[in-house]
Amino acid sequence: MDLVYSPMAKCISAPFPSFTHRPLALFSRVSISPKYANARRLWKMCSASSSDTLVDNGPVKEVRKSLEVASKKEDEYGDLKSWMHQNGLPPCKVVIKDRPSHDAKHLPIHYVAASEDLQAGDIAFAVPDSLVVTLERVLGNETIAELLTTNKLSELACLALYLMYEKKQGKKSFWYPYIRELDRQRARGQLSVESPLLWSDAELDYLTGSPTKAEVLERAEGIKREYNELDTVWFMAGSLFQQYPYDIPTEAFPFEIFKQAFVAVQSCVVHLQKVSLARRFALVPLGPPLLSYCSNCKAMLAAVNGAVQLVVDRSYSVGDPIVVWCGPQPNSKLLINYGFVDEENSYDRLMVEAALNTEDPQYQDKRLAAQRNGKLSVQAFQVCVGKEREAVLEMLPYLRLGYVSDPSEMQTVLSSQGPICPVKSPGFCKLLDYGYMSPCMERAVLDQLSDYFRARLACYPTTLSEDEALLSDADLDPKKRVATQLVRLEKKILNACLETTVNFINQLPDHSVSPCPAPFAPTLK
């Protein structure tokens with residue numbers, strides 16, 4: 001990411017843009033325009049006293065020495081918490097500690113831990129609003145903030161742009177200690193893995209077969225669109241224009257720099273409740289990524305009396321990492337947003353999309369029947385972990401509707417009342433209940449569903465047992481590890497759905513019956 005000031009600032013004079021100061025490991029992926037080529041040459045000539053000058057294949061001993069020097073440089077400027085106390089943070093019950101990074105070339109990862117024993121209900125810390133970055137602070141006008149965020153640019157893009165400008169000021173920026181901390185974290189979650197938005201094409205292949213891969217590519221395209229709107233924001237936001245009258249965003253920051261800044265902000269932004277639109281997304285020092293996310297935790301950062309505070313939901317001993325709830329997000333979102341997968345995530349889910357066949361002569365009647373019962377002509381079904389059987393039961397009446405071919409039967413469906421029925425429900429016409437359709441039609445519906453689940457499983461290049469073998473390797477690349485964890489959990493959900501469907505086939509009175517032809521069967525994807 002590119003939010004950060006680095007110790008290299010002593011090597012390069014102020015007129016050069018901030019992205020010449022970024023870590024080498026990330027710099028190598030950026031295309032630098034000719035007008036910045038001289039800055040890059042100067043960057044390479046700087047002293048090896050900074051961790052930013054690390055070479056990918058350098059000896060481990062030299063890497064460690066460079067990290068030690070970089071750590072001493074950090075100590076010269078004081079830590080994040082000390083800066084916060086100097087600027088209004090009241091006494092709190094946490095301390096910043098560190099754990100080793102999986103990559104020896106990177107500084108250890110910081111995290112917030114209990115500085116004393118805590119009980120559920122204790123206030124761990126309360127960060128005053130003066131130390132919280134929001135759009136209200138960035139743009140200086142709540143009306144402008146609302147205009148921008150309801151138009152073409154997200155809150156995350158505005159916050160990323162602001163921090164990139166602040167970074168250009170180096171130590172002159174009030175936010176320098178916080179920006180430096182974000183740089184240290186390098187958009188990594190507490191498992192030391194960056195969001196897949198920053199992975200190479202080869203690393204994204206770890207997600208082959210998973211719908212998450214397409215989500216990553218779609219999100220990346222969205223970030224690109226936002227980048228193209230940055231100049232508009234710069235012109236509209238008077239506060240930014242006054243502070244940086246000559247720094248047009250797309251000229252000052254290449255796309256890759258903005259993308260990394262965006263992902264860094266995404267990994268640590270907090271969604272506050274019961275506040276104005278211009279304050280709902282906030283960057284909170286001592287918040288994420290220093291706090292660990294946990295799907296079974298209920299503690300959340302909240303805006304209270306001019307501060308953002310954290311009330312813990314469990315007991316902690318001295319030194320224990322503090323955790324917060326990340327909301328009801330599936331593992332795909334946890335990986336994209338924060339770079340981790342939670343094996344115990346009760347909110348994990350996959351989506352199955354079913355669509356009525358538009359070529360069906362009775363399509364309009366079927367669409368109307370579906371709408372009357374709360375479904376759409378293209379319907380997304382959420383398959384939640386542990387509730388796969390319920391999800392299959394919800395899909396079956398919708399699929400049966402697609403198989404109705406007799407117009408008189410379709411009229412019976414239209415005249416019925418009640419919600420779309422699960423198995424043995426009296427609603428949505430008994431015709432669509434199990435036991436009221438012909439055996440061959442029921443077999444066709446179940447065969448289509450089982451074939452669909454088998455096809456999705458076949459898209460993955462590895463089996464569940466192969467995934468288990470990979471995860472047993474202690475030296476497995478961290479990105480490959482989290483990707484394997486994700487696809488393994490997805491396969492478990494799909495296998496449970498397949499098993500449920502096959503069980504229904506085996507329960508048919510005559511499961512040797514051939515399926516009926518269905519020229520206008522619904523589609524599944």
Inset, instruction - Kindly write out the residues that satisfy ring pair (Phe, Tyr, Trp, His ring centres under 6.0 Å) with F281, not counting sequence neighbours, or none if the list is empty. - result: H271
Inset, instruction - List in chain and number order the residues that pass salt bridge (charged side-chain N to carboxylate O under 4.0 Å, His left out) with E390, two or more places apart in sequence or in another chain; answer none if no residue qualifies. - result: none
Legend entry - Residues forming a side-chain hydrogen bond (donor to acceptor under 3.5 Å, both in side chains) with Q309, sequence neighbours excluded: none
Inset, instruction - Start with the C-alpha distance between L471 and K480, add both sets of side-chain angles, then the distance that settles side chain to side chain contact (heavy atoms under 4.5 Å, CB included), and finish with yes or no. - result: CA-CA 9 Å; L471 293 173; K480 190 164 188 176; over 6 Å; no
Inset, instruction - Not counting sequence neighbours, which residues clear ring pair (Phe, Tyr, Trp, His ring centres under 6.0 Å) with F125? List them please. - result: none
Inset, instruction - With sequence neighbours excluded, tell me which residues meet side-chain hydrogen bond (donor to acceptor under 3.5 Å, both in side chains) with T250. - result: D231
Legend entry - Polar contact flag, side-chain donor to acceptor under 3.5 angstrom, S154-E226: yes
Inset, instruction - First locate atom OG of S332, then atom CG of L350, and finally report the distance between them rounded to the nearest 0.5 Å. - result: 8.0 Å
Inset, instruction - Using the test ring pair (Phe, Tyr, Trp, His ring centres under 6.0 Å), find all partners of Y206 that sit at least two apart in sequence or belong to another chain. - result: none
Inset, instruction - Could you pull out all residues at least two apart from D129 that satisfy salt bridge (charged side-chain N to carboxylate O under 4.0 Å, His left out)? - result: R279
Legend entry - Pairs meeting criterion salt bridge (Lys or Arg N to Asp or Glu O under 4.0 Å) with involvement of residues 308-328, two or more places apart: none
Legend entry - Residue list, side-chain hydrogen bond (donor to acceptor under 3.5 Å, both in side chains) with T134, at least two apart or on another chain: none
Inset, instruction - Quick one: pull up CD in E218 and OG1 in T212 and give me the separation to the nearest 0.5 Å. - result: 12.0 Å
Inset, instruction - With sequence neighbours excluded, give me every salt bridge (Lys or Arg N to Asp or Glu O under 4.0 Å) pair touching residues 198-207. - result: E203-K479, D205-K213
Legend entry - salt bridge (Lys or Arg N to Asp or Glu O under 4.0 Å) contacts touching residues 330-344 (sequence neighbours left out): E215-K333, E343-R488
Legend entry - Residue from Y178, Y176, F174 passing ring pair (Phe, Tyr, Trp, His ring centres under 6.0 Å) with W83: F174
Inset, instruction - With sequence neighbours left out, write down each residue that passes salt bridge (charged side-chain N to carboxylate O under 4.0 Å, His left out) with K525, or none if nothing qualifies. - result: E353
